[in-house]
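Nothing here was measured: the structure is a model prediction, and the numbers come from that model. Side chains are part of it too, since the values below use all heavy atoms of this structure and drop only hydrogens, waters and symmetry mates. A, B, ... follow the sequence lines: proteins, then strands. Residue 1 opens every chain.
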There are 2 protein chains.
Amino acid sequence: MRLSTKGRYAVTAMLDLALNGTDGPVTLADISENQGISLSYLEQLFAALRSKGLVRGVRGPGGGYYLGRESDEISIADIICAVDEWVEFTRCKGRQNCQDGQRCLTHSLWDDLSQQIFIFLSDITLHDLVERGEQREAERKEKRAAAAQILGLKGRAA
Amino acid sequence: MRLSTKGRYAVTAMLDLALNGTDGPVTLADISENQGISLSYLEQLFAALRSKGLVRGVRGPGGGYYLGRESDEISIADIICAVDEWVEFTRCKGRQNCQDGQRCLTHSLWDDLSQQIFIFLSDITLHDLVERGEQREAERKEKRAAAAQILGLKGRAA
DNA sequence: GCAATTACCCAGTAATTTGCTCGGATAAAA
DNA sequence: TTTTATCCGAGCAAATTACTGGGTAATTGC
């Protein structure tokens, strides 16, 4: 598993899509402005995402991108693997000195850990994140309302 | 959170230390050979690990490195953060267009996820990995023994 | 004392990755 | 047919990764 800024860009872009793509496609120009990523770089990322079926492009005016599947069918691992090219685990390829247990042990331990991280991120979907975000948002709103009421600012909070 | 090959190198090197450092310090030359990392690069990594107290160096012949703490007191997150310089979350620093909910929402969602990965890796210690490795090793040995017995190769397995 | 061995330190640099600019081509809506 | 958008690819600056090679400082065994 690998987690770079590239992966972060891809995830935030996909989140943008999940949030704003409910009524019509979202243009890369919009995402570019929202997330502060250059249009060309987004194009690169979305080429990878598209090839993996994670997004669907619609050309022409009024066009843009849709999610390729339902947001609860797209895991964070899917997204990161799509753009990070997933250069396979370090299974001691080529290094023949890894036959005898001791030496290769650390590698297999790392592989196990890597696998765990992968599974962890495979269990989190775009939908989960959005939902969690809404929940937080609601909590915050509630807190603000409660605070406003305690302070007697408005009688009943907006 | 960030997870690069640099972090992988650091983790496998620390695993090497945890496995082989029980009777005396381990030299970087050994780790270099075991893990296939250049000596100088290891020095760089260990300078960072040392500055965070994760390893302790001993100079002179017969010297090398010890773990700085007990292996169950060193988390994977500790190691990765030590070498990856932990360039802070993208909390929309500088970008003032992130005031209004919608735009900054994706960023805070990413931050949440990043935080979750961090916590996940903070809960896994070197000791955990080593132990799990031994367990796997034992399972494999058991399986081999059982297989040998079933096949009647040795009567009782070694 | 002296030589060997190790950590420690730092400057330079090749290779790779990241993220961007630019210049286009194709598809669809207006 | 013009405009809007995805698509496509070459090229490039900056950052990061990983290494080479120069040393110095501490410790050991002789």
Can you tell me if the side-chain N/O atoms of B/T27 get under 4.0 Å from OP1 or OP2 in C/dT5?
no
For the base of D/dG21, is there a side-chain donor-acceptor partner from B/S40 under 3.5 Å away?
yes
When you check the phosphate oxygens OP1 and OP2 of C/dC8, does a side-chain N or O of B/Y65 lie under 4.0 Å from one of them?
yes
Can you tell me the distance, in whole Å, between the CG atom of A/L45 and the P atom of C/dG19?
8 Å
Could you check how far CD1 of A/I31 sits from P of D/dA5, rounded to whole Å?
13 Å
For A/Y66, check ring-ring contact (aromatic ring centres under 6.0 Å, His included) against everything at least two apart and list the hits.
none
Just how far, in rounded Å, is C1' of D/dT16 from CG of B/L3?
15 Å
Specify the separation, in whole Å, of atom CD of A/Q44 and atom C1' of C/dT18.
9 Å
Starting at OH of A/Y41 and ending at C1' of D/dC7, how long is that distance when rounded to a whole Å?
18 Å
A/K6 NZ to C/dT18 C1', straight-line distance once rounded to whole Å:
8 Å
5'-most contact on DNA chain C (nearest-nucleotide basis), B/R50 vs A/E43, goes to B/R50
Using whole Å, report how far OH of A/Y9 lies from C1' of C/dT18.
9 Å
What residues form a side chain to side chain donor-acceptor pair (under 3.5 Å) with A/R132, not counting sequence neighbours?
B/Q116
Please state whether the rings of B/F46 and B/Y65 are parallel, tilted or perpendicular, taking 30° and 60° as the class boundaries.
tilted
How far apart are the C-alpha atoms of A/D111 and A/S108, what are their side-chain angles, what is the distance that settles it, and do they pass the side chain to side chain donor-acceptor pair (under 3.5 Å) test?
CA-CA 5 Å; A/D111 283 350; A/S108 61; over 6 Å; no
Contacts of B/R59 meeting side-chain contact (heavy atoms from CB on, under 4.5 Å) (sequence neighbours excluded), chain-then-number -> none
So, does A/R56 get its side chain near the phosphate of D/dC7, meaning an N or O under 4.0 Å from OP1 or OP2?
no
Just jot down the side-chain contact (heavy atoms from CB on, under 4.5 Å) partners of A/K52, sequence neighbours excluded, or say none.
A/L54, A/A82
Would you tabulate the pairs of protein nitrogen or oxygen atoms and nucleotide nitrogen or oxygen atoms of nucleotides 28-30 of chain C closer than 3.5 angstrom?
none

Taken to the nearest whole Å, CG/A/L54 to P/D/dT6 is 17 Å
With the side chain of A/S4 defined as its heavy atoms from C-beta on, choose the nearest nucleotide among D/dC19, D/dT6, C/dT18.
C/dT18
Comparing A/L39 with B/G63, nearest DNA chain C nucleotide closer to 5' gives the residue B/G63
For A/E73, enumerate each residue passing the side-chain contact (heavy atoms from CB on, under 4.5 Å) test, keeping only those at least two apart in sequence or located in another chain.
A/R69, A/E70
